[in-house]
Undergrad: 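Got a structure for you, written out below as C-alpha cells; questions coming shortly.
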Amino acid sequence: MEVYGLTGGIGSGKSTVAAMLEEYGIPVVSADELSRMVVAPGSPGLADVVEVFGPEVLDEHGELDRKKMGRIVFTTTEKRRQLEAILHPRIRERYEQVLDALEKAGHPVMVYEVPLLFEKKLDQQDEMKAVILVTATADTRIARVKDRDSLTTDEVLARMRAQIPEHEKRERADYIIHNDGDVDDLRREVEYLVSRFLRIPPRADLREASIDEVIEEIEPELELDESEIDTLSPEEVIEEPTAPLETEPAAAPGQAPRGWVEAAQAQPPAQARPPVQGPPSMQAQPGAPTPVQTQPTTRLRAKPAIETPELEVELQPAAARGSARPKSSTSGASWIPAGPTPAPGPALDPAPVPVAQAQPSAPVPPAVSSAPHAAPPAAPSPPKATAPEPGGQPGAGKRGPRQRMGTMPQLSAPEITQALGKELSERQGGEESST
Ligand SMILES: CC(C)(COP(=O)(O)OP(=O)(O)OC[C@H]1O[C@@H](n2cnc3c(N)ncnc32)[C@H](O)[C@@H]1O)[C@@H](O)C(=O)NCCC(=O)NCCS
Ligand SMILES: Nc1ncnc2c1ncn2[C@@H]1O[C@H](COP(=O)(O)OP(=O)(O)OP(=O)(O)O)[C@@H](O)[C@H]1O
C-alpha cells in the first residue's frame with residue numbers, strides 16, 4: 001500500500017485538505033484524531049496521563065481537559081516530551097492497526113495526516129511514498145487558529161515554537177500546497193494534487209474485504225492487555241453512547257450510478273526535489289521535475305452491488321465522539337467498506353473505455369475540472385456525500401460528521417478500530433472496559 005504523508009504547521013489547513021481528499025475516496029487517517037482516541041475516557045492512555053500529570057488535567061466528566069493540557073505542555077518542553085512519550089507509541093500502534101485494516105480491505109493508497117511528520121522523522125523511515133506539505137504564512141495560520149480554537153496569539157505562537165520552522169518543512173516536502181487564499185483556491189490546489197501527483201486507481205478494481213474478514217485478520221492485534229485496563233477505577237470508566245451505523249440514501253439524480261467508476265490514473269510521483277508546487281500557477285517551478293503525466297482516463301463498469309448484510313457491530317455516531325472542539329468530533333477518516341462489494345475481475349467490464357486523453361499543457365486533466373466545486377473524478381465519495389460546510393463549501397473548514405455512501409456502508413478507519421475493539425471486548429465476556 002502506498003502511504004502519502006500530509007503535514008503542515010498548526011492552522012495551515014491539513015484537515016481541510018484531508019476532507020477534500022476524502023471526497024475523492026482517498027482514505028485519510030489523522031494522527032490528531034488517533035491522539036484523541038488513545039486518551040478516550042477509561043483508556044490506559046488516559047490513566048497514564050493522569051498518573052504523570054495528576055487528576056487536575058481531567059474535566060468534570062473525567063475526560064482529558066485538552067485546553068488545560070495544552071497550556072501545560074506548550075509552555076514547558078519537558079512536559080510536552082512527557083506527554084508525547086505516553087501518547088506517541090499508542091498513536092503509532094493505532095495507526096498500524098488501521099493501516100493494516102485498510103491494506104487488507106484492498107485500498108492501494110492512503111494518506112496519513114500528521115502534524116509532526118518531520119519532527120518525528122517519519123519521512124526518513126522509508127515508509128512514505130511522498131510527503132505533501134500544506135503551508136501558509138504565520139499571520140494567516142495564527143488568525144485561523146485563533147478563530148477556530150479561541151486561543152490567544154501567544155498560545156498559538158507557543159505551539160508554533162514546538163514545531164520545526166516552515167522553511168525547513170518546505171525543503172523536505174515532495175509536494176507543497178499553498179493555502180493563503182480562499183477555500184476555492186485551496187480546492188483547486190487539491191484537484192491538481194489529486195490529478196497530477198497522486199495515483200488513484202479505479203475503485204472497482206479493488207478487492208475489498210468484508211468486515212468479518214477484517215475482524216478475523218486484526219483480532220490478535222486488538223487483544224486487550226488486562227493488566228493495563230485493571231489500573232482504572234470504575235469511576236474512570238465512562239461508557240460512550242453507541243448508535244447503529246447510519247447509511248446514506250441511494251445516489252441522487254444526476255449522480256454517477258453505482259457501479260460506474262471513473263478515475264484519472266496517474267503515474268506514481270517521483271521522489272523529486274525540489275518539491276512540486278501546485279497551482280495557482282498550475283505548473284511546477286522552473287527547473288523542477290515535471291509532475292506526473294496523467295494517463296488516459298479509464299471508465300470501468302462494475303456489476304450491480306451485492307446487497308449489504310447488516311453489521312454486527314454498533315458504532316458510535318461520529319458526532320458523539322471526541323471532545324470540545326468540533327474538529328475532534330469526526331473520525332479522522334479513512335473509508336473502509338463494511339460490506340461485500342462487487343468481485344474484481346469478471347465483475348468488471350473487461351474492456352475499459354478510454355474517455356479522454358490529458359493534454360500535457362492542460363492545467364487540469366479532463367477527469368478533474370478546474371472549475372470551483374467541480375465534481376471529483378472518483379465515484380465512491382462524491383461531494384454530495386460530504387457534510388455541507390458553512391458557506392456551502394464541502395470539505396472546507398472543520399470536518400463534519402461523515403456521510404455514508406449508497407448501499408455500501410463505509411466505516412472510517414478509527415471507527416472500525418473502535419468497533420472491533422468493542423466487539424472483541426464483548427466476545428471476551430464483557431469484563432474489560434473498552435479501549
Ligand atoms: C496537548 C493537547 C492535549 C492539546 O489538545 P488540542 O485539542 O488543544 O489540540 P489538538 O490535539 O487538536 O492539536 C492541534 C494542533 O496542535 C499542534 N500540536 C499538537 N500536539 C503537538 C505537539 N506535541 N508538538 C507540536 N505541536 C503539536 C498540531 O499542529 C496539531 O494539529 C494535544 O495536542 C496532545 O495531546 N498533544 C500531544 C500528542 C501529539 O503530539 N499530537 C500531535 C499528533 S502526533
Ligand atoms: N483557505 C482557507 N480559507 C479560509 N479558511 C480556511 C482555509 N483553510 C483552512 N481554513 C480554516 O482554518 C482553520 C484551520 O484549518 P485546519 O483545521 O484545516 O488546519 P490544520 O492544519 O488541520 O490545523 P491543526 O494543525 O491545528 O490541526 C479551520 O477553521 C479551517 O476551516
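When a residue number appears, it is its place in the shown sequence, counting from 1. None of the values given here were measured: they were computed from a predicted structure. Order of appearance sets the numbers: ligands from 1, and atoms from 1 within every ligand.
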Undergrad: Can you name the atoms of ligand 1, numbered from 1 with element, that are less than 4.0 Å from a heavy atom of Glu84?
TA: 22 (C), 23 (N), 24 (N)
Undergrad: Where do Ser15 and Glu113 come nearest, in terms of heavy atoms and distance?
TA: OG-OE2, 3.0 Å
Undergrad: Have a look at ligand 1 and work out which part of His88, if any, has a heavy atom under 4.0 Å from it: side chain, backbone, both or neither.
TA: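 The answer is the side chain of His88.
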Undergrad: Out of Lys14, Arg90, Glu119, Arg66, who is nearest to atom 32 (C) of ligand 1 when you count heavy atoms only?
TA: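 Closest candidate by heavy-atom distance is Arg66.
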Undergrad: Would you call Val114 and Lys120 a side-chain contact if the rule is heavy atoms closer than 4.5 Å?
TA: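 Val114 does not reach Lys120 side chain to side chain.
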Undergrad: Of Thr77, Leu87, Leu116, Val156, which has the heavy atom at the shortest distance from atom 25 (C) of ligand 1?
TA: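 Heavy atom nearest to atom 25 (C) of ligand 1 belongs to Leu116.
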Undergrad: Minimum distance, heavy atoms only, to atom 3 (C) of ligand 1: which one of Met69, Arg36, Glu33, Gln163 is it?
TA: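 Among Met69, Arg36, Glu33, Gln163, the closest heavy atom to atom 3 (C) of ligand 1 belongs to Met69.
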Undergrad: At a 4.0 Å threshold, what atoms of ligand 2 neighbour a non-hydrogen atom of Gly11?
TA: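 Result: 19 (O), 20 (P), 21 (O), 23 (O), 24 (P), 25 (O), 26 (O).
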Undergrad: I need the contact type for Ala162 against ligand 1. Using non-hydrogen atoms and a strict under-4.0 Å cut-off, is it side chain, backbone, both or neither?
TA: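 Near ligand 1, Ala162 shows its backbone as well as its side chain.
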Undergrad: For a 4.5 angstrom cut-off between non-hydrogen side-chain atoms, does Asp174 reach Asp123?
TA: no
Undergrad: Less than 4.0 Å between a side-chain N and a carboxylate O, is that true for Glu191 and Arg188?
TA: no
Undergrad: Taking non-hydrogen atoms only, is Val39 closer than 4.0 angstrom to ligand 1 via side chain, backbone, both or neither?
TA: neither
Undergrad: Do Arg80 and Leu83 make a side-chain contact, defined as non-hydrogen atoms from C-beta onward lying under 4.5 Å apart?
TA: no
Undergrad: Out of all atoms in ligand 2, which are within 4.0 Å of some heavy atom of Gly181? Include the element for each.
TA: 1 (N), 2 (C), 3 (N)
Undergrad: Charged N to carboxylate O under 4.0 angstrom, Asp184 versus Arg187?
TA: no
Undergrad: Compute the shortest N/O to N/O distance between Arg148 and ligand 2 and return yes if it is under 3.5 Å, no if not.
TA: yes
Undergrad: Less than 4.0 angstrom from a charged side-chain N to a carboxylate O is my criterion; do Lys104 and Asp100 meet it?
TA: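 Counted as a salt bridge, because a side-chain N and a carboxylate O are separated by less than 4.0 Å.
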Undergrad: Show the atoms of ligand 2 that are less than 4.0 angstrom away from any heavy atom in Gly13.
TA: 15 (O), 16 (P), 18 (O), 19 (O), 20 (P), 21 (O)
Undergrad: Given Asp180, Asn179, Leu186, identify the one with the heavy atom nearest to atom 1 (N) of ligand 2.
TA: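 Answer by nearest heavy atom: Asn179.
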Undergrad: Applying a strict 4.0 Å limit to heavy atoms, is Val145 in contact with ligand 2?
TA: no
Undergrad: Backbone, side chain, both or neither: what part of Asp32 comes under 4.0 angstrom of ligand 2, heavy atoms only?
TA: side chain
Undergrad: Thinking salt bridges, do Arg92 and Glu127 make one under a 4.0 Å N-O criterion?
TA: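 Between Glu127 and Arg92 there is a salt bridge, with a charged N closer than 4.0 Å to a carboxylate O.
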Undergrad: Under a 4.0 angstrom heavy-atom cut-off, which atoms of ligand 2 come close to Lys14?
TA: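 Once the distances to Lys14 are compared, the set is 18 (O), 19 (O), 20 (P), 21 (O), 22 (O), 23 (O), 24 (P), 25 (O).
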Undergrad: Is there a side-chain contact between Tyr112 and Leu34 in this structure, where contact means two heavy atoms from C-beta onward sitting under 4.5 Å apart?
TA: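 Counting from C-beta outward, Tyr112 and Leu34 do come under 4.5 Å.
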Undergrad: Is the closest heavy atom of Gly8 to ligand 2 under 4.0 Å?
TA: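 No, Gly8 has no heavy atoms under 4.0 Å from ligand 2.
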Undergrad: Is there a side-chain contact between Met128 and Leu117 (heavy atoms, below 4.5 Å)?
TA: yes
Undergrad: What part of Ile10, side chain, backbone, both or neither, has a heavy atom within less than 4.0 angstrom of ligand 2?
TA: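 Both of them.
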Undergrad: Using a 4.0 Å cutoff against the non-hydrogen atoms of Ile10, which atoms of ligand 1 qualify?
TA: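 Selected atoms, number and element: 15 (C), 16 (O), 29 (O).
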Undergrad: What I'd like to find out is whether the side chain of Pro115 reaches to under 4.5 Å of the side chain of Lys14, using heavy atoms alone.
TA: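 Yes, close enough: below the 4.5 Å cut-off.
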Undergrad: State, yes or no, whether a side-chain contact exists between Phe53 and Met69 at a heavy-atom distance under 4.5 Å.
TA: yes
Undergrad: In ligand 2, which numbered atoms sit nearer than 4.0 Å to a non-hydrogen atom of Thr16?
TA: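 The atoms of ligand 2 under 4.0 Å from a heavy atom of Thr16 are 9 (C), 15 (O), 16 (P), 18 (O), 30 (C).
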Undergrad: Going by the closest heavy atom to atom 1 (C) of ligand 1, which one wins out of Val73, Leu122, Leu64?
TA: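 Looking at heavy atoms only, the winner is Val73.
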Undergrad: So among His178, Lys169, Glu166, His167, which one has a side-chain hydrogen bond (donor to acceptor under 3.5 Å, both in side chains) with Thr135?
TA: Glu166
Undergrad: Between the candidates Met20, Arg159, Arg144, which shows the shortest non-hydrogen contact distance to atom 6 (C) of ligand 2?
TA: Arg144
Undergrad: Tell me whether ligand 2 is touched by Ala18 - counting only heavy atoms on the residue side and a distance under 4.0 Å.
TA: no
